[in-house]
> 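I'd like to ask you about the structure that follows.
Side chains included, hydrogens not; waters and symmetry mates left out as well; all remaining heavy atoms used. Letters A, B, ... mirror the listed sequences (proteins, then strands); counts begin at 1.
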Number of protein chains: 2
Amino acid sequence: METLTTRREHNKAVTRRSLAAAALRLAMEHGLDGVTVEDIADAAGVSRRTFSNYFTSKEDAVLDADRERLRALVAMVEARPAGEGAWQALRASTAELYRVRPLPDVEWMAQLRLLRRHPSLLARQAGDQVALERDLAAVLVRREPDEEAARLMAATFLTTIRTGIALWLEGAGAQELPDLVDRLLGRVQVQGT
Amino acid sequence: METLTTRREHNKAVTRRSLAAAALRLAMEHGLDGVTVEDIADAAGVSRRTFSNYFTSKEDAVLDADRERLRALVAMVEARPAGEGAWQALRASTAELYRVRPLPDVEWMAQLRLLRRHPSLLARQAGDQVALERDLAAVLVRREPDEEAARLMAATFLTTIRTGIALWLEGAGAQELPDLVDRLLGRVQVQGT
DNA sequence: ACAATTCTTGCGCGTTGTGCAAGTTTGCGC
DNA sequence: GCGCAAACTTGCACAACGCGCAAGAATTGT
């Protein structure tokens, strides 16, 4: 009675998660600069070299959960009802994401405050988003046939999310993140075809 | 008969420019990975250690001109007529930037194709933009008092520019960049107060 | 059970960023 | 012009990083 997938994939997924979790935990504990790749590898019970087989840097590992979350969001957008407009689908998916996968408050708060501080993480995160833009735009094309508009929409949308998070982190945290993000999304308009 | 500024500042400016220029030239010539910091330092006639006094990485040096350009744009936005609306000021400044400082076609084209390829440059560039968002938002506040809106506008604007450049690079280059960017800017709308 | 594929690991190497301390240049008041 | 203080450059050393390579271990399919 193994897992549903093959054993290899399962093992890989486990070590990947271990590494990402260890990276996040240690970075929150000692600060990003207070942790070496070797520390993370040790905590996950693998060698430094193996770490490099999964991630290219510690920033990469720390942000793994973030990326996974965004990939889930793209999938949600794809699964929205066919008739829905592009921007509406994005907005609805965002709300859905916060419903289906709420942020584990305390831990995430700490992670994000960490993110916000360290420039190399900000840079990496922004870089990741650029890569995601293509995927998101590809999904959007079904709802917004003009490729140029789809691309612009994807970029604008992701940036709006990022801005929402930034504002939320800076503010006293008086308002709920989902509400803030949704309000921002309501303020932006990208003209379609 | 020295320069207008003090000698020290002048010398610093010279070596900085030398380093940035050398970085750009060598990166275009041999690819980003085909160049070491030492190569760049040698080409500029300084030591590797001195390079680090000016830039933290070669990506940093390569993108120096880009950043300077964006800083000029922020200054232009600040200098626009007082009555002008925020988004209108941004749009006008962009057009002005392309008029006042046209892109040295061939060289820039090559640089941007280089940028687009290399992930670490994309990441760095995106990270720089995040840092610029604050400055731009601060300038915008005069025209858009709602800080949240100003911030969102700054982020959206910079992303639109980036998207325009990305599309331009990918396309056959049939259309002029300024026109493309201006069209994109026309498609986006960020609701003020 | 055996061979092929895939993953892990240790080793080595070139590169990077940075603190430190000595040397050099520039600025400024006398 | 003189000399001192501040600022800048340089070489050195070191921990850390990313990655190619090849040998060993685990997993797979037959």
Side-chain angles (χ1 to χ4, degrees), chain A residues 1-20 22-23 26-27 29-64 117-124 127-128, chain B residues 1-20 22-23 26-27 29-64 117-124 127-128:
Chain A
M1 179 175 149
E2 312 285 333
T3 58
L4 292 172
T5 81
T6 146
R7 198 188 192 103
R8 268 212 176 101
E9 296 176 51
H10 177 252
N11 285 347
K12 284 203 75 171
V14 166
T15 48
R16 164 172 271 266
R17 268 192 285 275
S18 294
L19 283 170
L26 291 175
E29 207 165 325
H30 308 107
L32 185 65
D33 298 323
V35 178
T36 71
V37 169
E38 194 154 19
D39 294 336
I40 299 170
D42 286 354
V46 295
S47 70
R48 179 172 84 91
R49 190 61 185 81
T50 295
F51 174 93
S52 287
N53 290 340
Y54 286 87
F55 302 103
T56 62
S57 65
K58 33 180 177 175
E59 291 85 357
D60 200 8
V62 169
L63 293 179
D64 190 52
R117 293 222 171 280
H118 211 98
S120 77
L121 279 181
L122 274 179
R124 183 83 202 199
D128 288 348
Chain B
M1 180 175 150
E2 312 285 334
T3 58
L4 292 171
T5 80
T6 146
R7 198 183 191 107
R8 265 209 179 108
E9 297 177 50
H10 177 253
N11 285 348
K12 285 203 75 172
V14 166
T15 48
R16 164 172 270 267
R17 267 191 286 274
S18 294
L19 283 170
L26 291 175
E29 207 166 323
H30 306 110
L32 185 66
D33 298 322
V35 178
T36 70
V37 169
E38 195 153 21
D39 294 336
I40 300 170
D42 285 353
V46 296
S47 71
R48 178 173 85 90
R49 191 61 184 81
T50 295
F51 174 94
S52 287
N53 290 341
Y54 287 87
F55 302 102
T56 62
S57 64
K58 31 180 179 177
E59 290 86 356
D60 199 9
V62 168
L63 292 179
D64 190 52
R117 291 220 173 282
H118 210 97
S120 77
L121 279 182
L122 274 178
R124 183 82 200 199
D128 288 348

> Which heavy atom in A:K58 sits nearest to a heavy atom in A:D33, and how many Å separate them?
NZ-CA, 4.3 Å
> Roughly, in whole Å, what's the span from CG in B:L19 to P in D:dT10?
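That distance rounds to 10 Å.
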> Can you tell me which nucleotide in C:dT16, D:dG11, D:dC17 comes closest to the side chain of B:V37?
C:dT16
> Do we see a donor-acceptor contact under 3.5 Å between the side chains of A:T36 and A:E38?
no
> Please confirm whether the shortest side-chain N or O distance from B:S47 to OP1 or OP2 of D:dT9 is below 4.0 Å.
no
> How is A:T36 classified with respect to the nucleic acid when contacts are heavy atoms under 4.0 Å: base, sugar-phosphate, or nothing?
sugar-phosphate
> Nearest of D:dC12, D:dG18, D:dA6 to any side-chain atom of A:S57?
D:dG18
> Touch check for A:Y54, heavy atoms < 4.0 angstrom, all strands: base, sugar-phosphate only, or nothing?
sugar-phosphate
> Given D:dT10, C:dT8, C:dT18, identify the nucleotide with an atom nearest to the side chain of B:T50.
D:dT10
> Check B:A43 against B:L26 and note the closest heavy-atom contact, atom names and distance.
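Distance-wise, the nearest heavy atoms are CB-CD1, 4.0 Å.
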> Once you round it to whole Å, what is the distance between C1' of C:dC7 and CZ of A:R16?
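That distance rounds to 14 Å.
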> Select one nucleotide: of D:dT28, D:dG18, C:dT16, the one nearest the side-chain heavy atoms of B:K58.
C:dT16
> Name the closest nucleotide to the A:T56 side chain, picking from D:dT27, D:dT9, D:dC19.
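Of the options given, the side chain of A:T56 lies nearest D:dC19.
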> Select one nucleotide: of D:dT10, D:dT28, D:dC17, the one nearest the side-chain heavy atoms of B:R49.
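Given the options D:dT10, D:dT28, D:dC17, the side chain of B:R49 is closest to D:dT10.
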> Rounded to the nearest angstrom, tell me the gap between atom CG in A:D60 and atom P in D:dG18.
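Rounded to whole Å, this separation is 9 Å.
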> Test your reading of the model: is there a side-chain donor-acceptor pair from B:D60 to the backbone of B:T56, 3.5 Å cut-off?
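Flag set: sc B:D60 to bb B:T56 pair under 3.5 Å.
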> Give the rounded distance in Å between these two atoms: NZ of A:K12 and C1' of C:dT5.
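Checked: the NZ to C1' distance equals 13 Å.
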> Whole angstrom is fine here: how far is it from CZ in A:F55 over to P in D:dA16?
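Nearest whole value for this atom pair: 21 Å.
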> I need the CZ-P distance between B:R48 and D:dG11, as an integer number of Å.
11 Å
> Quick one: B:E9 CD to D:dA6 C1', roughly how many Å, whole number?
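After rounding, the reported distance stands at 14 Å.
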> Take atom CG of A:N53 and atom C1' of C:dT6, then tell me their distance rounded to the nearest Å.
11 Å
> Are B:N11 and C:dT25 close enough that a side-chain N or O sits under 4.0 Å from OP1 or OP2?
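False: B:N11 side-chain N/O out of range (4.0 Å or more) of C:dT25 OP1/OP2.
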> Which of the following nucleotides, C:dT15, C:dT9, D:dA6, is nearest to the side chain of B:R8?
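The closest nucleotide is D:dA6.
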> Taking only the side-chain heavy atoms of B:T6 (C-beta and beyond), determine which of C:dG27, C:dT18, D:dT28 contains the nearest atom.
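Nearest to the side chain of B:T6 among the choices is C:dG27.
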> Would A:K12 count as a cation-pi partner of A:Y54, with NZ or CZ less than 6.0 Å from the six-membered ring centre and within 45° of the ring normal?
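Positive - A:K12 is close enough to the ring of A:Y54 and near enough to its axis.
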